[in-house]
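Chain naming here is simple, since letters A, B, ... match the order of the sequence lines and numbering starts at 1 in each.
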Amino acid sequence: MTERLAIEVLCDAKPDAAAVDAFLAAHQVPIVEGHRATFLWRGQADAVKLRHWIFGLESAQPLARLEGTDLFYLVVEIPPRSRVEYKLEVRRGEHVEWIEDPLNPHRARDPFGANSVLATAGYQLPEWAREDPLARRGLLEPFSFHSRTLGGPRSGHVYMPARWRKTRRYPLLVVHDGSDYLRYAGMRAVLDNLIHRLEIPSLIAVFVDSPDRLHEYADHEAHARFLCEELVPDLERRLPIVSEPRARCLMGASFGAVASLSTAVRYPGFWGRLLLQSGSFAFTDIGSRNHRGPVFDRVVAFMNAYREEPTAVSERVFVSCGVYESLIYENRSLIPILDATGMQVRLVEARDGHNWENWRDRLREGLSWLFPGPLMMIYE
Amino acid sequence: MTKVLLAGAQRFEPTIGPALAALGVAGRVALVTAGWQEREAEDEELAAHLGGDTVNLRLHERADQVFAADAGLRAAHRKRQRVLRHKQDFYRIRLEHELEANHVIRQRTAPAEILAEEERTSTLAIRILDDFHLGQCARIHREFDEAHRPLERPHVARHREEIAAALEGTVALAIAGGHVASLLNRLELFGIAELLRDQVVVAWSAGAMAIATRVILFHDAPPQGPGASEILDRGLGIVRGALPFPQPETRLRLGDPERVGVLARRFAPSLCLAMPARSTLAIEGQRVLATEGVSVLGEDGSVSPLAADTPLPSTERA
């Protein structure tokens, strides 16, 4: 027999305001009970809706008012080990606003602000994503580069591993949307920790930004040329980098993953490692019209062409995607295509959405597969 | 008979200074920090912890000098290492299957006596594979030594004389951790074990692993792969009957009786010893002189403190 939910017990009790106070004080919100999560909002409103980014569920689901109270609630079935970002839509008369859940202290930030976060049983913030006081910190320094190809400056950050030496040579990781990876995916701490744990080798990471990512990341010839003919050669002149494809990784998320794959296609063999997270790999099976809008037109053209004649462009390709993203289908369908070219390919799925913390949580698995560390050899 | 002090990791909480003092060892200490590779010379903290009267044998730097001066030896050494890496890869392929088979057998439902027999057979298969790999490593080393006679080559011999001179008047040889293969290579290249007189050997982490009879690479929860412990090579054999497993806090799942038991049975009769930070074990021959914080992995999957009166097995697989 299914256990009765806390909200069901409360409903039956026909609570007064004091009972609602006590109920909220006694529970973490949202209340996770088995596979079900109860979202709550308290206040005066004409309607309250849950707004989330779980592909496959209605994106707006109304909360019901508990009769005789100002408490609104909604029970949603969510599998264990899930991580869901959401907001609440509160309507008062004509006024509608999307707010973070005031009863839930957990937030995830992104370039658009912040979302509330629900984690169901089994999800834990990875230990290796937290700041570890024992891990030696790498150096992170801003850089600016004038690109003749792109006709202007490009900026970002260079990460040098702790205790790096000029006499050693290091693998190179180039990260699209670099500042966002640093800010929202905590990537400096992730690199520090994975290197400290010997799960990846000490490496040099270059976090690059674009002033117009939707344009430059959508299979843009000049962007690929900038990376392969300007940036990397310049880095290899200035920094102790292993100048070999097997030690060179290009990565990105969403359109950044498209930029990574399309750059590798334009420069086959140059990048021996690719890390593609929630790639916006939209395609069509017939015609060129896609339902995602004109910003995807060049992506669709690129993906359709690549799917028509896939070739091995790298040695190892790590792909991750959240199962609560609509892009999961595009990513899943890409795997056999990449696989058939002879490249080593790995797909990892997670019960998460199109967001920075999902991308953070997959970094250990991806980076340690692309660049295995000396874990089995070093005992300090 | 060499007196040995094994210790857990020293980076955050060094303990070997007081442990040596407790053994009555006082005087100059020779250091081997070759496992730190190009950071070999950065031994200030270690030297200070040991009271400052230390001499670093600089084995990593010396090896670089030897290889720079003796192109023939360098080429032969590289070739040998390449062969060893290939052997390791193929050994690992077979090993992972044997360990997986052992796991599957242990999950099956069958009468207890049949299960026990099948599990014993499976463990035996793993042991045979381990022995075969170790035998191949020994053969490769033997062929290398016979063909190239490294200890007799002038550059190695000159450094050995300097090392012997540096060891004069030292009371202990401290072997730090780091990259275990690199460390083992340097220790063997200069025949360090044969240069010891009556020094106490103190070793931790990779250093402790390198002076046992066999060097076992291990991690129960790596980010990739099944976490199959594997034999890298023979060790110096200064310690016999005990196999140190440093950093068990992060590397071993001591709460998993299956993994613990398989490890213990695989290497029996040698004792598999979990050596966390701050642990120490003083031994002389097969006699335990003192022990602190060391645990023994039991063949039944248990983990129990190593008692001070536990003799180390005197017979073990080579």
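Heavy atoms of other residues, nucleotides or ligands lying less than 6.0 angstrom from CZ of B/Arg78 number 12 at most. Annotation: B/Gln65, atom CD; neighbour count of heavy atoms from other residues, nucleotides and ligands within 6.0 Å is above 12. Surrounding CZ of A/Arg346 are more than 12 heavy atoms belonging to other residues, nucleotides or ligands, all under 6.0 Å away. Crowding of B/Gln81 atom CD: a count of heavy atoms from other residues, nucleotides or ligands under 6.0 Å exceeding 12. Sparse packing is recorded around CD of B/Glu292, with 12 or fewer heavy atoms of other residues, nucleotides or ligands lying under 6.0 Å away. For CD of B/Glu44, the number of neighbouring non-hydrogen atoms (other residues, nucleotides, ligands) closer than 6.0 Å is greater than 12.
Of all residues spanning residues 203-211 of chain B, those with a heavy atom less than 4.5 Å away from chain A's heavy atoms are B/Ser205, B/Ala206, B/Met209, arranged by number.
The minimum heavy-atom distance linking B/Arg251 with A/Ile378 is given by the pair NH2-O, 2.6 Å. Taking all atoms of both residues into account, the shortest heavy-atom contact from A/Tyr379 to B/Leu217 is OH-CA, 3.2 Å.
Between B/Leu232 and A/Met377 the shortest side-chain heavy-atom distance falls below 4.5 Å. Two residues are said to be in side-chain contact when any heavy atoms from C-beta on lie closer than 4.5 Å; B/Val180 and A/Met376 fail this criterion. Counting heavy atoms from C-beta outward, B/Gln224 and A/Glu365 have side chains that approach closer than 4.5 Å.
For a residue to count as touching a neighbouring chain, one of its non-hydrogen atoms must lie under 4.5 Å from one of that chain's; by this rule A/Leu194 does not touch chain B. For B/Gln247, the part sitting under 4.5 Å from any heavy atom of chain A is the side chain, from C-beta outward, and nothing else. When heavy atoms are compared at a cutoff of 4.5 Å, A/Arg165 approaches chain B solely by way of its side chain, counted from C-beta outward. Contacts of B/Leu184 with chain A are absent, with no heavy-atom separation under 4.5 Å from either backbone or side chain.
Between the side chain of B/Arg39 and the backbone N or O of A/Arg163, at least one donor-acceptor pair lies under 3.5 Å.
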